Structures are given as C-alpha cells and as structure tokens.
**Q** 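This is the structure I want to talk about, given as structure tokens.
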Amino acid sequence: MNKTAIVLMILVSSWLFASDEPVFFIEKIRIVDAAFISHDVIISESNLKTDRAYSEKELRNAIDRINRLPFILDTRFSLEKGSEKGKYHLVVTVKAAARLFFNLETLRSERQSYKAWFDDLDLGYRWSVGSSGIMFAAVSPDISWLQESGSPETISLGYSQYNLFNRNIFFNITINWVNDTVFTLAQSNGSVQFSSFRSPITPEMSLYAPIRGNHWLKLESSRQDTRSSGIFDFNDDPINVDSREDEFNVRLYWENNTLNDHFLPRDGKLAQAGLWYANRDSFSTNTQDAEITSYNRKEVYNFFWAAYKRYHPITARQSWHYRGEIGYGSHSLDITGLRHDGDFITLDQDDMEGFGVLEIGYALDLWNRKKTAKYGNLRFEARANVGQNRYLNFFRENDDELGLSCSIVFRNKWGVIRVGYNHYGGEL
Amino acid sequence: MAAALLSLFLLIGDQSPAHLTHGDRGLKVSLPQWILEDEEVLEQFKSGLTNTFRITAEFRTQAGTALKSGARLEIRYELWDEVFLIDVLEGDGKHSEHQVKDITTFRQWWRNSAFIIHPKPKTELSSAVVIILDFIPFSRSEQDHARAWLTDSAKNNVRSGREQSSQVTSIFQTIMATSIQSKPLWSHRWQLTIP
C-alpha cells in the first residue's frame with residue numbers, strides 16, 4: 001500500500017471518527033471540593049448550562065475556562081447517570097487555592113544597584129461573598145528593613161463580582177492604599193530629602209463582558225494621584241520642589257483567551273486588540289531663594305494596541321511560547337511654565353509614536369503529574385525579548401532593548417514564588 | 001508478616017511488561033492485564049469520558065537508523081449502555097472500533113488484543129525495542145488537535161506526493177504527534193527484545 005493511500009485511509013477514518021464524537025445532555029452540574037469558592041462562580045465561568053448537550057470538545061474548553069480562574073489549580077470532569085437514559089449529571093472536581101495566599105517575585109538584574117531581596121511580596125486573604133462574589137485583602141509589607149530600596153507598604157482591598165446580571169459579566173474594583181514613603185537619596189556633598197505620597201485611594205476597575213465562547217470585550221481603568229516634595233540642599237542653597245501628578249489609564253479591547261492555565265499556561269493563545277487612552281497631568285513648583293518657578297505638564301497617549309501570545313506544548317513537560325505586541329497612535333505633550341523672572345515658557349508637541357516587542361520563551365515542568373498533584377507546580381522558564389515592554393503602563397517607558405531571563409517558578413495552593421535573573425543585552 | 005511480604009511479592013511480580021509478537025501485518029504489542037487494575041485508570045473509566053492509552057515504540061533498523069512508531073487506544077465507558085467503546089489506531093494506519101460490555105469482557109478483550117506498532121518485517125529491525133505506555137486522562141482538545149493534524153498531514157502529503165524515507169514514521173507522527181502534547185497521568189517504560 002503506498003503512502004498516499006495510507007494517509008487517505010487515516011483521513012477518512014478521522015472524518016468517520018469526528019462524526020462519532022459523543023454528545024452528553026447535562027441535566028445537572030455538581031461541584032466538588034471547591035473549598036471557599038462559590039459553586040455559582042465555577043458554573044458561570046465554565047459557561048456550561050444545564051439541560052443542554054455538550055460534546056467532549058466543549059467540555060474540555062470548559063475545563064480550560066475554569067482553570068483560568070486565578071484561584072483554581074486543577075479541574076476534572078466526570079459524568080454520572082441522570083434521571084433517564086441519555087441524560088447525565090456533570091461532576092466538576094476542582095482543586096482550589098487556599099484562602100490565605102502569597103506572591104513572591106524576585107528577578108535579579110545587573111541593572112539593580114541595590115541589594116533587594118524581593119521585587120514584589122504580597123500576602124492576602126480572600127473569601128466568598130454572596131453567590132458570585134469574591135473579596136480579597138492583601139498587603140505588600142514595607143520591607144525597607146530588609147533592603148535599601150523597595151516598594152512602599154501597600155494595602156489593597158478588592159471585590160470581584162462574577163456572573164453579573166446573570167450574564168456572565170465580570171466586574172472588579174480594587175482600592176489600593178499606599179503608605180507615605182520618605183527617604184534620603186544622598187548625604188555626601190549636601191543632602192537630598194525626598195518624600196512621595198500617593199492619594200490614599202488609588203482605584204482600579206475592570207468590566208469584562210462575554211461576547212461568545214472565549215471572546216470578551218474588556219474595559220479596564222486605573223487612576224493614580226501622586227504628590228511629591230523634596231529639598232535638594234547643596235552648598236547651603238536649598239531648592240524646594242513640590243509636584244503633583246495625576247495619572248489616568250483606560251483600555252477598551254477585545255480578547256480571545258484559550259490559555260489552559262492562569263499562571264502557568266502551556267497551551268492556548270491570548271489575543272488582544274483595542275484602544276488605549278493614557279493621560280498624565282502634572283504640576284510642579286521649584287523654589288530657590290524665595291523665587292518660584294512653576295510649570296504644568298499635560299501628556300496624552302491615544303493608541304491602537306494589539307498583543308498576541310501563543311503557547312505550544314512540545315512534549316508532556318515542555319512547551320514554548322512567543323509573544324508580539326504593537327502599539328501605534330498619537331502622543332501630545334503640552335507644557336506651560338512661569339519662570340521666576342516672569343518669562344512664560346510654552347511647549348506644544350504632537351507626534352505619532354509606535355512601539356513593539358517580540359518575545360520567545362521556553363518552559364520545562366520539573367515535576368511529573370503525580371508530584372505536581374502532591375506538591376504543586378515546579379517549572380523552569382527561559383525567555384528572550386526584543387523591543388519595548390509597555391504592557392499595562394505607557395508612562396514607564398523603556399528603551400528598545402534585548403533581554404534574556406530565566407527563572408524557577410513554584411506554585412501550590414498557598415501561592416506563587418518566582419525567582420530568576422534578568423540579563424539585559426543592551427540598547428538597540 | 002509473611003503474608004504481607006507474599007502479597008507485596010505478588011503485587012510486584014504482577015507488574016509484567018508488555019509482550020511483543022510478530023504477525024502478518026507487522027510487529028504487535030499486547031499490554032499487561034494489571035494496567036486495568038490501576039485505581040487511577042478505573043477511576044478515569046468511571047468518568048464516562050474518553051481516555052487515551054498511547055503506545056510508543058522506539059527501535060532501530062538493521063542499518064542503525066532510529067525509528068519511532070506506535071498505536072493509540074481511545075476508551076470511553078458509556079454509563080447508560082454500560083459498554084466500553086474503544087477506538088484503536090495502529091502503527092500501520094488501521095483504524096478500528098470495538099464495543100465490549102462490562103469490565104470482565106473488556107479485560108478479556110484487552111488480554112486477547114495485540115496492536116500493530118510497526119508494519120516492517122522483523123528482518124529489517126534490530127532486536128532491542130523500548131515500549132512506552134502513557135495513560136492520558138480526559139484532557140484539553142486532544143481529539144481536536146489530532147483531527148487538525150491528521151487533516152493537515154494528509155492534505156500536505158497528498159498534495160506534494162513526496163515520499164518520505166519511511167511510511168512508518170509518517171503514520172507514527174499521524175497517530176502520535178498530537179497526543180504527545182498532553183500530560184500523561186502515568187507512564188510505563190519497558191525494554192524488550194523482539195522475539
């Protein structure tokens with residue numbers, strides 16, 4: 001038998017095979033081992049409805065959807081006989097994360113001049129509210145006693161509402177409270193004292209509306225109000241600087257998400273495209289010898305933005321991924337200032353800008369399925385990227401650069417630890 | 001104590017390997033019976049959803065070329081009809097469907113079945129072969145991937161009509177390349193000699 005005939009035979013078999021795919025009429029959905037998570041949250045996220053028939057493909061997609069919840073570690077489906085022949089009860093067994101959680105991330109880099117122990121450390125607690133709500137409180141402790149520089153103490157309180165209006169709409173609001181931070185930058189040839197305090201309330205809001213299947217329309221916004229003041233005292237001629245910065249970000253975008261896990265995906269894709277508006281208003285005054293210089297600065301980005309990330313399994317334990325992100329749009333900068341001698345300064349600049357990043361990565365699960373089930377996930381990750389990473393923030397600009405990183409990630413029901421090293425290959 | 005040791009011995013002793021035979025269509029493998037006693041396997045069968053046994057055979061030709069081939073069994077226990085529905089895709093590209101009632105009959109079918117993992121004549125193969133058996137529970141889009149791959153593979157090959165060095169490799173890829181992406185619940189590996 002020649003090769004073409006064999007391949008045709010297999011093809012025909014596969015078509016026959018496809019036509020025989022079983023379909024199950026689900027009469028009832030039962031959730032098992034959900035811990036603190038409301039059953040309604042899991043059912044609404046699965047997108048499965050009772051008194052409907054589903055193929056195995058649809059059930060597998062539902063497993064992925066549940067696994068994308070950040071507090072779910074693993075999901076298994078099984079069937080039980082229903083009330084009459086041809087009808088089934090779907091039993092959804094989930095392995096949920098604990099109420100108490102932590103996140104520890106530290107990626108070392110030659111760029112860091114300080115000896116920081118952590119880049120990010122959060123400790124939190126979450127609990128169920130009503131039939132489809134989850135509330136969480138988290139604290140990023142002040143770890144200045146451990147390291148010379150780091151994030152200030154932050155307390156976050158968030159509420160996520162799933163299945164809003166019974167339409168599978170997701171809404172989240174998080175309020176962050178950032179503690180004041182005061183630190184001295186230098187003390188050798190004089191002193192520089194600088195304090196920065198953000199508005200006690202820094203809100204973040206998200207609203208996700210399902211379109212169909214794994215497609216969503218998403219709206220995200222955040223606002224941050226920062227006030228800073230500093231005394232730059234060199235040669236007994238101090239300069240007082242006071243500034244206020246109001247930053248507002250809003251993104252409206254379409255998303256198609258088929259990733260098989262929220263934290264450690266190894267299969268599936270994440271496609272996003274939409275509009276991104278970012279605005280930063282700042283007002284600053286400098287005082288030196290009782291002479292005041294002040295200026296207003298308004299900066300606005302209006303961008304079209306798109307990102308695509310795809311994970312491919314290579315073997316049962318290995319996977320690779322690539323990511324591309326592009327943005328293009330208008331950027332306007334408007335500065336008006338008044339010098340102490342009465343001169344008026346203006347700068348009005350409008351231009352078109354773009355950015356892009358390409359990334360390729362590899363992941364290896366260090367533990368097999370049994371060990372993973374017992375102890376959690378342990379994964380080695382390596383990544384190379386080129387371009388600008390502006391993900392989630394326009395105003396933290398990076399130069400075009402090459403970057404290489406590798407890290408070890410451990411996840412269990414208590415949280416995620418990521419320890420790694422970043423190497424910057426330099427600016428392009 | 002003696003009874004416990006005897007039980008342990010019997011348990012270990014029962015972990016017999018897969019068995020190879022040669023038939024008209026090529027090299028066949030029979031899978032050991034104790035696989036069906038595995039609690040996790042039985043638990044997965046009870047789920048009423050499709051689970052997969054993936055058989056991979058690694059060997060060399062007499063000329064020293066490394067070869068991979070295999071077979072795939074997809075098994076679902078239909079709760080209402082209380083039957084096992086089995087789809088078999090063998091190393092020579094043959095696809096067959098079987099239906100057996102209850103676990104006892106299924107065990108008999110399992111014991112009496114041998115699956116072609118390589119259609120080549122015995123004379124063309126070296127004697128050593130490694131057999132890997134993976135059990136893949138109901139997992140994401142296994143069959144989707146498989147069908148997409150099958151379709152693409154077939155289209156490409158039919159379109160180009162090019163001959164690869166080995167039909168076996170092509171069939172193996174067709175059978176296996178898609179399911180290799182899924183994490184098995186467990187794997188067994190046996191080093192065997194072709195009889």
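Numbered from 1 within each chain, the chains take letters A, B, ... in sequence-line order. Remember, it's a predicted structure, so these values are computed and weren't measured experimentally.
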**Q** Side chains of Asn368(A) and Trp186(B): does their closest heavy-atom pair fall under 4.5 Å?
**A** no
**Q** Using 0.5 Å steps for rounding, measure from the OH atom of Tyr77(B) to the CG atom of Leu79(A).
**A** 12.5 Å
**Q** Less than 4.5 Å to any heavy atom of chain B: does that hold for the side chain of Asp365(A), its backbone, both, or neither?
**A** side chain
**Q** Does any backbone or side-chain atom of Phe77(A) lie under 4.5 Å from a heavy atom of chain B? Answer side chain, backbone, both or neither.
**A** both
**Q** Can you tell me how far CG of Leu59(A) sits from OG1 of Thr50(B), rounded to the nearest 0.5 angstrom?
**A** 10.0 Å
**Q** Let me know if Glu43(B) has heavy atoms under 4.5 Å from chain A in its side chain, its backbone, both or neither.
**A** neither
**Q** Side-chain contact, heavy-atom cut-off 4.5 Å: Glu80(A) with Lys46(B)?
**A** no
**Q** Could you check whether atom CG of Asp24(B) has more than 12 heavy atoms from other residues, nucleotides or ligands sitting under 6.0 Å from it?
**A** no
**Q** Does a side-chain N-to-carboxylate-O contact under 4.0 Å join Lys81(A) and Glu82(B)?
**A** yes
**Q** In Å and rounded to the nearest 0.5 Å, what is the CG to NE2 distance from Leu79(B) to His89(A)?
**A** 11.5 Å
**Q** What heavy-atom pair brings Arg76(B) and Phe24(A) nearest, and what distance separates the two atoms?
**A** NH1-CE2, 3.5 Å
**Q** Does CZ belonging to Arg111(B) count more than 12 external heavy atoms closer than 6.0 Å?
**A** yes
**Q** Mind listing the closest non-hydrogen atom pair of Phe138(B) and Glu56(A) along with its distance?
**A** CZ-O, 3.6 Å
**Q** Might you confirm whether atom OH of Tyr375(A) has over 12 heavy atoms from other residues, nucleotides or ligands at distances under 6.0 Å?
**A** no
**Q** Checking the side chain of Trp80(B) only, and the main-chain atoms of Lys87(A) only, is there a donor and an acceptor separated by less than 3.5 Å?
**A** yes
**Q** With only heavy atoms counted, which part of Glu58(A) is less than 4.5 Å from chain B, the side chain, the backbone, both or neither?
**A** neither
